[in-house]
Structure formats: C-alpha cells, structure tokens
A.B. asks: 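Sharing a structure below in structure tokens format, with a few things to ask.
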There are 2 protein chains.
Amino acid sequence: MQIGFIGTGVMGTGMIMNLLKAGYEVKVFNRTKAHAQTVLKAGAKWADSPKAATENSDFVLSIVGFPQDVEEIYFGKDGILSVATPKQVLIDMTTSSPAIDRRIADYAQNADLHVLDAPVSGGDIGARKGTLTIMVGGDAKDFRRAKKIFSVLGSRIEYFGGPGMGQQAKMANQIMIAGTMVGMCEALAYARAAGLDLDQICSTINSGAAANWSLENYGPRILRQDYTPGFFAKHFLKDLRIALEEADRMHLNLPGTDRAKELYEKLVVQKRLGNDGTQALVKLYWK
Amino acid sequence: MQIGFIGTGVMGTGMIMNLLKAGYEVKVFNRTKAHAQTVLKAGAKWADSPKAATENSDFVLSIVGFPQDVEEIYFGKDGILSVATPKQVLIDMTTSSPAIDRRIADYAQNADLHVLDAPVSGGDIGARKGTLTIMVGGDAKDFRRAKKIFSVLGSRIEYFGGPGMGQQAKMANQIMIAGTMVGMCEALAYARAAGLDLDQICSTINSGAAANWSLENYGPRILRQDYTPGFFAKHFLKDLRIALEEADRMHLNLPGTDRAKELYEKLVVQKRLGNDGTQALVKLYWK
C-alpha cells in the first residue's frame with residue numbers, strides 16, 4: 001500500500017512518521033525539500049512534485065499552509081489532478097476553505113475521481129502521537145475506504161457528510177477556539193492589571209465554569225513567556241478569515257468571531273507576529 | 001455558632017441548606033420573604049432586616065443580586081453596618097463591584113470591623129452540593145477565621161489578597177466565561193447554518209483543543225432548547241459591566257469582553273431575555 005503525502009511541515013511530519021511506523025510506503029513532496037529531511041531519513045521516498053507523489057499511490061494525503069497552496073497542489077501544473085485516477089482516494093487534510101474543497105469535489109465528480117476533505121485538530125502533539133481528531137467530508141464510501149489510514153493518524157474520526165463538511169466542522173471548531181483564546185488573553189491581562197497572582201488565577205478559574213483547554217495548555221506557557229507555536233497565529237488568522245467568509249455566504253453575522261479576527265489581524269499584520277503561537281495574542285494586552 | 005445570611009435566592013438557598021446540615025444556627029433575611037420558605041422549613045430563623053440578621057451573629061454572609069443591593073444591605077437603614085461589631089466577620093459573597101467592596105472595607109477599617117469579599121463560582125449546582133469555588137479578598141487573619149464556614153460551602157477556597165481581590169479574581173473568571181459563551185454560541189450558530197449535525201459537532205469539538213465547560217454543560221441544553229437559568233443572563237451582563245468599568249479604571253482595553261457585553265446587552269435590554277440563562281445568547285443567532 002503506497003501513500004503519497006504532500007506537506008512535511010510540523011503537522012505532516014508527525015503524520016508521516018506514524019504512517020511509516022504502521023508499515024506504509026510513503027512518497028513525499030514538500031515545496032522546501034530541506035524540511036523533509038526527518039521523514040526521508042525515516043524511510044520516506046522523495047517525489048519531485050505533487051504529480052510524482054500521486055503517481056501509483058493508493059491514497060494521496062495533503063496538509064499544507066493556505067487555501068491557495070491547496071489550489072496549487074491540486075490544480076497547478078504537475079498537480080495532483082494532472083495524474084489522479086479513479087482507483088485512488090485523494091484526501092486534503094489542510095484546514096482550508098470549504099469553497100475550495102467543494103471545487104475540488106466538483107472537478108472530481110466530473111472526472112470520476114474520489115476525494116475527501118479531512119482537516120484535523122490536535123496540533124503538533126496530536127500529529128506526533130497519532131491522537132488527532134479528523135473531521136471528514138465527502139462520499140461515505142470513500143470515507144470507509146480511507147478509514148484505516150485515518151485510524152493510524154487520529155484517535156477520533158468523524159464523518160460529517162458531503163464535500164466540504166469536514167471543513168465546515170473544523171470552522172465551527174476554530175470559532176469556538178477564537179472564543180477561548182480571546183477570553184483567556186483578556187482574563188489574564190485583567191488579572192495582571194489587578195495585581196492578582198497569575199498562577200493562582202489560572203488554576204482557580206480553570207477548576208470551574210470557566211475551564212477550557214486553551215487556558216489549561218496556553219495559560220502556563222504565557223506565564224513563562226513561551227510564545228513558540230503549537231499553532232501559528234498566521235494560520236489561525238487564515239482560519240478565522242475563512243470562517244467569516246463562509247458565514248457571510250450563509251448570511252450569518254458572527255460579531256464575536258469578527259472581533260477575534262480583528263485582534264489576530266492586529267497581531268499578525270500590524271505587529272508582524274504571525275510566526276508566534278496563537279497564545280501570543282496576549283501581547284496585545286501586556287503593558 | 002450563629003450565622004446571619006442575607007439573600008435566599010437560588011445560590012443562597014443551597015448554601016444555607018449546607019450550613020444548617022453542618023449544624024450552624026442560621027438567621028436569614030430576604031427582600032421577598034416568600035423566597036425564604038425552603039430554608040425556613042429546614043430550620044433557619046427569620047430576621048426582619050439585614051440588621052436583625054446581623055445582631056448576635058458570629059458571621060454575616062450575604063449573596064444578593066446587584067452591587068446596589070450590596071450597598072443597600074450594608075449601608076442602608078437597618079443595614080449590616082448599623083449594628084456590626086468588631087467580634088464579627090462580615091462576608092459579602094455577591095459578585096459585586098470591587099469598588100463597592102473596597103468602600104465597605106474602608107468603612108470597616110475606620111470602624112474596626114472585619115470584612116471579606118468572597119464571590120463564588122460553580123452555580124446553583126455547586127451551591128447545593130457544597131462544591132463552590134470561593135475567591136476571597138480581605139485581611140488574611142479574617143480569612144483564616146472564616147475558613148471553616150467556607151469549607152462547608154465550597155470545595156475550593158482561594159485567598160487572593162487584600163480587600164476587593166476576591167471580586168477581581170471573579171471578574172477574571174467572568175471575562176474568561178464571556179469568551180467561552182460567545183465562542184460556543186457562534187460555533188453552534190455556524191454549525192447549524194452549515195447543516196452539520198449539532199450533537200456530533202458538540203461532542204467532537206469538545207474532545208479537542210476547543211474543549212470547555214460551557215460547551216460541555218450548555219451545548220446539550222441549547223440543543224434541547226432549554227434556556228432555564230443556571231445563571232441569569234441579566235446577572236452575567238451586570239458582571240461584564242463591572243469588569244469593563246474596572247478595566248477602564250486600570251486603563252486596560254478589552255475589545256473581546258466589550259463585544260460580549262454588547263451581545264448580552266442586546267439579549268437582556270433589547271430582547272428582554274435577562275431572566276433566561278446565559279446560554280440564551282444563542283437566540284441572537286438562530287434564524
């Protein structure tokens with residue numbers, strides 16, 4: 001069983017390692033070859049293009065940065081769709097725009113190809129440990145075929161419906177996280193301004209009705225001024241923009257998410273801190 | 001040991017029942033006597049005023065609705081301060097304004113009285129079960145004296161420092177919750193508009209990096225259209241207003257909390273749904 005895998009970033013690397021460990025042959029492509037060294041040393045084969053990674057693979061997985069990267073690896077010259085066949089299942093795991101995944105699905109239907117959108121949550125740690133949550137959209141039959149692959153990568157695999165529905169589920173997830181991140185940063189900023197003990201505040205408010213994963217995981221990092229990315233602020237901003245575009249399309253107004261997007265825009269665009277982790281949002285408030 | 005207790009609302013009732021069970025004599029006052037029937041039947045004595053509840057009590061606890069209610073029961077005619085003595089500890093457990101609790105503390109210092117601010121979190125269920133989180137500000141010696149009472153009411157008792165610091169901790173808690181509530185309501189609104197299965201969305205996103213107490217507890221209530229108050233929307237709006245006033249005083253800008261306050265204002269003032277629970281915020285988004 002051969003897997004083509006496009007994207008050897010922090011997420012892709014962990015996922016490829018697990019596929020190799022599970023005994024799959026993996027052929028990888030990445031825009032910057034240097035970033036593929038870890039998986040190449042571990043036994044992955046190199047492919048010179050998305051097209052080369054696709055050829056002769058049973059499954060083609062991709063997890064890249066931005067929606068335009070997804071578009072390029074699928075529709076671009078030497079892209080996946082230039083050689084894909086009906087025997088394969090093509091699975092985009094990037095958190096991308098539901099619109100793009102629907103466009104890929106439309107193309108696939110006309111060309112009798114099999115595609116799934118399957119974004120993940122759980123971060124670099126989840127990717128490494130194989131405990132990702134995988135949110136899948138596409139044809140149910142294709143989902144069943146891909147399930148054995150997903151089970152190597154994640155511990156929770158959920159099928160949400162037709163093309164784009166995996167992305168929609170992921171957007172709901174990111175909207176929820178926008179709330180916990182903004183709330184956490186403002187709570188910590190307030191506590192600091194009030195002269196409260198921040199360790200005590202973190203542990204106390206995380207034991208009751210305010211408890212949440214962001215506070216549990218990022219609170220301590222913020223207190224030791226660790227802004228290294230579990231998840232890049234620039235990628236989170238991208239997700240919020242997609243979510244708000246889709247909400248617009250559905251005539252849905254999300255004022256809280258909109259405010260969160262404005263704040264992350266300030267962090268990423270104005271303060272140029274997009275390569276920090278999402279918890280760096282607190283820097284907007286620190287005096 | 002006699003305890004005066006002012007306020008037999010949904011929180012006070014649960015707390016008084018636990019004090020009675022623990023063997024304390026409790027003398028209660030409430031603006032509306034009819035709402036005291038449960039605790040009177042259980043053995044509490046009736047007092048005709050905050051003053052009457054204060055006389056001869058070793059501890060005087062209060063948990064009422066709004067900061068102006070706290071002001072009235074403390075400073076008003078027949079109020080607590082009209083008869084309080086240096087032998088007592090006066091404990092306001094209302095989520096109130098740090099400014100008012102500092103004012104009470106100033107008065108107390110001049111009159112050689114002992115006061116603590118000790119707001120709680122954990123809701124009606126925590127009050128009933130005696131598992132509240134209690135956030136305490138005031139003199140450390142007074143805190144140590146009151147600890148045996150707190151341990152009957154709560155399972156987590158935290159001393160945060162001088163007068164008003166319990167309120168400040170509670171405000172940080174409410175700011176965090178503003179984030180989880182807004183995020184949850186917008187995530188569910190988005191998921192519904194996208195046609196996702198809401199039960200599946202709740203359980204999936206609550207298993208990963210978006211996990212939080214609000215989604216865990218209010219998500220299911222929203223899905224069965226249960227808007228009964230665990231916590232009144234009108235009280236939460238009050239808390240957010242206090243938090244933002246204090247933030248202003250500290251020259252701290254909290255755009256996310258500000259947005260949350262605007263949304264709860266819309267719910268409470270415009271839609272007149274202040275007697276619903278905080279989860280009713282989702283009604284702003286449901287089409």
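To find a chain, count down the sequence lines: A is the first, B the second, and so on, and within it residues start at 1. Treat the numbers as computed from the prediction; the structure is a model and nothing was measured.
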A.B. asks: Considering only heavy atoms, which portion of Tyr218(A) lies under 4.5 Å from any heavy atom of chain B: side chain, backbone, both, or neither?
C.D. replies: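 Looking at Tyr218(A), nothing touches chain B.
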A.B. asks: Of all heavy-atom pairs between Val182(A) and Gly256(B), which one has the smallest distance, and what is that distance?
C.D. replies: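 Taking every non-hydrogen atom into account, CG1-CA, 3.8 Å.
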A.B. asks: For Gly179(B), is there any backbone N or O sitting under 3.5 Å from a side-chain donor or acceptor partner on Glu186(A)?
C.D. replies: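 Not confirmed, Glu186(A) side chain does not pair with Gly179(B) backbone.
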A.B. asks: By a 4.5 Å heavy-atom criterion (distance strictly below it), what part of Ala260(A) contacts chain B: side chain, backbone, both, or neither?
C.D. replies: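 Neither part; nothing is under 4.5 Å.
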A.B. asks: Can you tell me which portion of Thr131(A) sits under 4.5 Å from chain B's heavy atoms? Options are side chain, backbone, both or neither.
C.D. replies: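 Nothing of Thr131(A), per the 4.5 Å heavy-atom cut-off to chain B.
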A.B. asks: Using only heavy-atom distances, determine whether the side chains of Arg259(A) and Thr257(B) contain a donor-acceptor pair under 3.5 Å.
C.D. replies: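 No, no side-chain donor-acceptor contact under 3.5 Å.
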A.B. asks: Measure distances from Thr133(A) to the heavy atoms of chain B and classify the residue's part below 4.5 Å as side chain, backbone, both or neither.
C.D. replies: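 Contact with chain B involves the side chain of Thr133(A) alone.
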A.B. asks: What pair of heavy atoms forms the shortest contact from Leu252(B) to Ala193(A), and how long is it?
C.D. replies: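 Scanning both residues, the minimum pair turns out to be CD2-CB, 4.1 Å.
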A.B. asks: Flag yes if more than 12 heavy atoms outside Lys283(B) fall under 6.0 Å of its NZ atom; otherwise flag no.
C.D. replies: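 Counting other residues, nucleotides and ligands, NZ of Lys283(B) exceeds 12 neighbours.
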A.B. asks: Hey, what do you get for CD1 (Ile175(B)) to CD1 (Ile205(A)), rounding to the nearest 0.5 Å?
C.D. replies: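 Going from the CD1 atom of Ile175(B) to the CD1 atom of Ile205(A) covers 8.5 Å.
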A.B. asks: Between Met181(A) and chain B, with a heavy-atom cut-off of 4.5 Å, which part of the residue counts as in contact: side chain, backbone, both or neither?
C.D. replies: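 The answer is neither part of Met181(A).
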A.B. asks: Are side-chain heavy atoms of Arg156(B) and Ser203(A) found at a separation under 4.5 Å?
C.D. replies: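 In short, these two side chains touch, coming nearer than 4.5 Å.
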A.B. asks: Do you know the tightest heavy-atom contact between Ser214(A) and Ala209(B)?
C.D. replies: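 Minimum heavy-atom separation between Ser214(A) and Ala209(B): OG-O, 4.2 Å.
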A.B. asks: Are the side chains of Met176(B) and Cys185(A) in contact, using a 4.5 Å heavy-atom criterion?
C.D. replies: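 Contact flag for Cys185(A)/Met176(B) side chains = no.
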A.B. asks: Working note: Tyr190(A) + Gln168(B), criterion side-chain hydrogen bond (donor to acceptor under 3.5 Å, both in side chains); need CA distance, chi angles, decisive distance, verdict.
C.D. replies: CA-CA 8 Å; Tyr190(A) 183 97; Gln168(B) 294 288 33; 2.4 Å; yes
A.B. asks: Pick one of side chain, backbone, both or neither for Ala178(A), based on which atoms fall under 4.5 Å of a heavy atom in chain B.
C.D. replies: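 Contact with chain B is absent: no heavy atom of Ala178(A) under 4.5 Å.
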A.B. asks: Using side-chain heavy atoms (C-beta onward) and a distance below 4.5 Å, is Asn253(A) in contact with Tyr285(B)?
C.D. replies: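 Sidechains of Tyr285(B) and Asn253(A): no contact.
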A.B. asks: Measuring from atom CD of Gln200(A) to atom CE of Met165(B), what distance do you get when rounded to the nearest 0.5 angstrom?
C.D. replies: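 That separation rounds to 9.0 Å.
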A.B. asks: Counting only heavy atoms closer than 4.5 Å, note whether Leu263(A) contacts chain B via side chain, backbone, both or neither.
C.D. replies: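 The answer is the side chain of Leu263(A).
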